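Bear in mind the structure is a predicted one, so any value in this text is a computation, not a measurement. We name chains A, B, ... by the order of the sequence lines, and we start the count at 1 in each one.
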Amino acid sequence: MEYNFNEIEKKWRKYWQENNTYVAKIDSEKPKYYGLSMFPYPSGAGLHVGHPLGYIASDIYARYKRLKGFNVLHPMGYDSFGLPAEQYAIQTGQHPAVTTEENLKRYRSQLDKIGFSFDWSREVRTSDPQYYKWTQWIFKQLFAAYYCNDASKAMPIENLVSVFEKEGNTSVNAVTAYETEFSAEEWNAFDAKQKDAVLMDYRLTYLADSWVNWCPALGTVLANDEIVNGVSERGGHPVEQKLMRQWSMRITAYAERLLKGLDKLDWSDAVKDIQRNWIGKSVGASVNFAVADHDEEIQVFTTRPDTIYGVSFMVLAPEHELVTQITTDEYKDEVNAYQQKAGLKSERDRMADTKTISGQFTGAYAVHPLSGEKIQIWIGDYVLASYGTGAVMAVPCGDQRDYDFAKHFEIPIKNIFADVSIEEEAYTEKKGKIANSDFLNGLEVAEAIQKAIEVLEDKKIGKAKTNYRLRDAVFSRQRYWGEPFPVYYDNGVAKTIEDQFLPIELPEVDKYLPTPDGKPPLGNADNWFWDTEKNELVGRERAEEEHVHPMELNTMPGWAGSSWYFLRYMDPHNEKAFVAKEKVDYWSNVDLYIGGAEHATGHLLYSRFWSMFLNDMGHIPFEEPFKKMINQGMILGRSSFVYRDKASGKFISFGKRKEYKVARLHVDINIVDNDKLDIEAFKASREEYANAEFILEDDGTYICGNEVEKMSKSKFNVQNPDDLVEKYGADTLRMYEMFLGPIEQAKPWDIKGINGVNNFLRKLWRLFHDQDGNVNLSDDKADAKALKSVHKTIKKAQEDMDRYVFNTSVSAMMICVNELTEQKCNNKTVLQDLVVLLAPYAPHIAEELWSILGNEGSVNDATYPVCNEDYLVEDAFEYPVSFNGKMRFKVELPNNLSKEDIEKEVLAMEKSQKYLEGKAPKKVIVVPGRIVNIVV
RNA sequence: GCCCGGGUGGCGGAAUUGGUAGACGCGCUGGAUUCAAAAUCCAGUUCUUUCGGGAGUGCGGGUUCGAUUCCCGCCCCGGGUACCA
């Protein structure tokens, strides 16, 4: 029998399904392994070969762990809420659930063909009410919690309430936006609405008027991580700042823990760095500057309190709340004009234009808190309202932006650095000695910072402070296709619906667009009012009844459901809890997570935040969800091009294109083989090409140009995995994707090499069969050569697995098959080891060969072979002999020789004499088993 | 600008601790087999050469008996970030 991959793969996929081969159960006898791949958003375009790359690696590792005796959890599901399905719904009126279901089926059939060991009985979908019931529940948990700085963790909000009742908030050290102090008496005197407003400022998810990124084209607000270069990540639409009442997540409470936790994680430095920068911790001090002739104070944040004597002016953000108050009449018009101008600038313009220096003097002065000097107060758009306090103390000698500003507006620059020239530019190094600074004179920067803070705190004009760039995350979206909030508004006060009535299911609407008066799409729903007596959703007609209240019209963002899905896999059908304690105690956190680095500031940060929170509340036993992570690189497409002469319309072959004025056109890679165009197929591909004329190469072929770019439909360079599975089999596809190169590296997809991997599998097949295709195996004792070949491979495969490298193992197995073929080895024990090594990579053929070898059951239940070093012992080594570091010849010498003997042997050789040219060697380096180097 | 990756044949890539640069695969060249083709098998394939050699891992230096690997400076490509005080 020939290697018939289609038949074999079908057979074993059926076997796996019928035998529940990949269904995971808790087994306390075995160590657990949780291997996870980032779940996909099921887009309409289906999978291309780039998508499964990470899944294949993840699958290989999961299968390997099982062979190593681990109890493996390897699930898959869908992030099935999202914008594209909704955009499609707006265009076509088709319910997003319907489109999503269709896409999802296609995904599943594509995934199934690749032979993954997913436990599909654990599939989750974020848009399934039985799933988002628990997303709503977690939201409620966050709503009912605040962050206690003393305990450094989240706590139930009731605890806070009882403190307020007894002591007010003066002794409370919590993360909050609430700045006013109140006593117990005052608290107890507040009415329900007031109390509610106060608590809102403490809750970990809260409703607040905040400046949000509003994207008119998408009709929704976006989180910072959903904006790239000032436009929406999805669709590239402009985004503007808007003040809106929105749900937010107080992720800033976790800034320090999110930062510190990174040190313990086995993630790529790239992603850890991205998160560190995103969190953006800076340590310094806040300092208060009194405004001359006003009662107001301006608070600034600085990382360099040591340079406080170098302050020669102050700059406020144009939007700063004090600007209008302090501006003198004389400057009112100019300041107004500047504010207008700055306000008109979009975020994007402001970013694009960082070189132009602009600002406006307010006419007001601040008083230097130490020297008492009067300093000018300016406004300038280089100061951002959203960072720190929206105001800076300008130290032109130590900050380039302040320096440039000062030069531009001819503001004096004071040098407070000893022995440093600031003629040309600011001195921004964080070292050296401070001068002209009273009590700081002569101190090194580090000491000066300490001292400055001490004095500021002493005089009560400032204090040590740490700032983070991380902002709270906006959690509302003005969209339809997302989780509804379990929230209704009683007289304007947000109330959550009791757990027993969850899930609150997404209502039907007849239009997916905002309502005519600009409310989110849920405003179109008829049945979107909460009856607090019957605890059910009721219709608009009863809206006036006293116990009927309007529901929240926003939905949750895409990252809500994906922030905890890895927990649900452990216990996907639980109706009593989001995950049962014994399940999460057993499976614990993810051992290996494979997915894209593009989620660094979104999903990967939010998941960590929610895990920390759920851990704080005692729901899960760990605070970091993903112990180790690998980021697979993108697989790029290799596009092909034809060149059309602009004058004649003829298609010019690559080699001759420069002789003409040509336009470059993408051509479908499926009609190009090894850069040669299939001319007939090209003519048939489009009507307008039917009578195309060509200028060919001299050998009569049409050669296409090529370029590596992103894989996309519009570039005609998409490779669909289904076609390849059809043509070469899933095992070949899996191995080829690994063979392409290191998993983490971006690399171009090139179909050319795939038959090499297919050849390898066929060659392996032939080891088990004679020329007529009959099974032909030997039970004899394996010979030393064959044992060496296979144990060498075991060693390599094991080493590669230990460092999560997949490409070189494929090479090693190829070498092994080449060697065994040469040895005409058909020995069962030798081949069996090889089959188990191969099983994680090419599971279908491995199953077939495993059964051909006479084994019962699945190769998944085999044991991973262990390398026996005894088989690898060599008694001789072929030494490369170098002269002055250049390899000249090789000589085989027995391994039992001493260094001295080797040296003697080599020097005595005729060839050595030739390179020595009669001279005595200056030095001879002998590294046994490695190299001999002779210095002449 | 700053922070991370990366740069090796015609191509994807290998070289794990400083020790034979180019494993493995593709492609290409030649040969065997075949009526022919596919498939398969064998041999060759970094460049250069006067066939003795010589050069060679982005460029320039350095350390070393020996550098793709370590150090210094620079160039290019990819990703992240962007007035963060």
Exercise for review: Do nucleotides 65-70 of chain B as a string where each nucleotide becomes B, S or -: B if the base has a protein heavy atom under 4.0 Å, S if just the sugar-phosphate does, - if no protein is that close.
Suggested key: BS----
Review point. Once each nucleotide of nucleotides 4-18 of chain B is scored for protein heavy atoms under 4.0 Å, what B/S/- sequence comes out, 5' to 3'?
Key: S-------BSSSB--
Exercise for review: In whole angstrom, give the distance that lies between atom CG of L636(A) and atom C1' of C77(B).
Suggested key: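 Nearest whole value for this atom pair: 12 Å.
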Practice item. Could you tell me whether R638(A) sits above the aromatic face of W749(A), with NZ or CZ closer than 6.0 angstrom to the six-membered ring centre and within 45 degrees of the axis? Key: no
Review point. Hey, which of these two, Y468(A) or G756(A), hits RNA chain B nearer its 5' end, going by closest nucleotide?
Key: G756(A)
Students often get this wrong, so: under 4.0 angstrom with heavy atoms, is [X] touching a base, only sugar-phosphate, or nothing?
X	value
R471(A)	nothing
R762(A)	sugar-phosphate
R766(A)	sugar-phosphate
K272(A)	nothing

Revision key, fill the gap. Under a 3.5 Å limit on both distances, the Watson-Crick or wobble mate of A15(B) is none
So, is [X] near the phosphate of [N], with a side-chain N or O under 4.0 Å from OP1 or OP2?
X	N	answer
N818(A)	G25(B)	yes
N759(A)	C26(B)	yes
S282(A)	A85(B)	yes

Check your understanding: Taking syn as any angle within 90 degrees of 0 and anti as the rest, which one fits G31(B)?
Key ->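 Classified anti.
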Review point. Taking the chi torsion of G5(B), is it syn (within 90° of 0) or anti (everything else)?
Key: anti
Look at the aromatic rings of [X] and [Y] and report parallel, tilted or perpendicular, splitting at 30° and 60°.
X	Y	value
F877(A)	Y879(A)	perpendicular
F405(A)	Y382(A)	tilted
F301(A)	Y387(A)	perpendicular
F289(A)	H368(A)	perpendicular

Check your understanding: Is the backbone N or O of I845(A) less than 3.5 Å from a side-chain atom of D731(A), with the two atoms forming a donor-acceptor pair by type?
Key -> yes
Point to revise | Nucleotide nearest M814(A) (side chain, heavy atoms from C-beta), chosen from G25(B), G27(B), U81(B) | key: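 Closest nucleotide among those given: G25(B).
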**Study point:** Closest listed nucleotide, where the reference is the side chain of R401(A) and the choices are G54(B), U20(B), C83(B)
**Key:**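 The answer is C83(B).
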**Study point:** Presence of salt bridge, K792(A) and E819(A), under 4.0 angstrom
**Key:** yes
